[in-house]
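For reference, the structure discussed in these notes is given below.
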Amino acid sequence: EDQVTQSPEALRLQEGESSSLNCSYTVSGLRGLFWYRQDPGKGPEFLFTLYSAGEEKEKERLKATLTKKESFLHITAPKPEDSATYLCAALYSGGGADGLTFGKGTHLIIQP
Amino acid sequence: NAGVTQTPKFRILKIGQSMTLQCTQDMNHNYMYWYRQDPGMGLKLIYYSVGAGITDKGEVPNGYNVSRSTTEDFPLRLELAAPSQTSVYFCASSYLRAGQTYTDTQYFGPGTRLTVL
């Protein structure tokens, strides 16, 4: 069964304390690995798409990387406004739906 | 450019009532999707559409119906509401370019929070 697993479920950091969020996937025929940010009461906001192992993308304090089994979202010197739930999702060739398979998310809190 | 819009933002239904959740996108995307998000769970795909007049089931379609008469609109219909349909519903859209085998990034609306009592 195609699955996406995110860890940790929740993470509390001090402002400026760098860390990484993990997304492991067991899907066949990965077409793309997506990272979204979701604020309370809002819809997921697109951050990055990674298509092949070794690919990296950066945006401000965030950097996403991809291997054949997992993806990492590295957050460097985070600020309180980076607090949110970060969702990982995989698009794979196994089904006809072309929908995303989502992980449960990592709830990130940055304390000032 | 509003992107993906959804109405209503909130709704409370009684068991057995019906309603339609509205979704509109102004990005000329051919693919549209409906997901539901339950606490502590990942988003689950309910239905999707690859273009006007073409829809198909996702992972959790039971209790829902969809139609797509235009490129812009993709309403989700609940016929006999049940407590198990209490959830937050998100509509999304993406674009499949000619010659590609899979779509570009999916963009999401703000969601509809539905409670069935």
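Letters A, B, ... are given to chains in the order of the sequence lines, protein chains preceding strands, and every chain is numbered from 1.
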Between the side chains of [X] and [Y], does any donor sit under 3.5 Å from an acceptor?
{"X": "B:S94", "Y": "B:Y33", "answer": "yes"}
{"X": "A:Q6", "Y": "A:N22", "answer": "no"}
{"X": "B:E59", "Y": "B:Y47", "answer": "no"}
{"X": "A:T49", "Y": "B:T105", "answer": "yes"}

TODO: Please list, in residue-number order, every residue in residues 34-48 of chain A that has a heavy atom less than 4.5 Å from any heavy atom of chain B; write 'none' if there are none.
DONE: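 Listed by number: A:F34, A:Y36, A:Q38, A:G41, A:K42, A:G43, A:P44, A:F46.
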- [ ] Establish whether B:I46 and B:Y107 are linked, either directly or via other cluster members, by ILVMFWY side-chain heavy-atom contacts under 4.5 Å.
- [x]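 B:I46 and B:Y107: separate clusters.
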TODO: Taking the side chain as every heavy atom from C-beta outward, state whether B:R36 and B:Y64 have any atom pair closer than 4.5 Å.
DONE: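 Sidechains of B:Y64 and B:R36: in contact.
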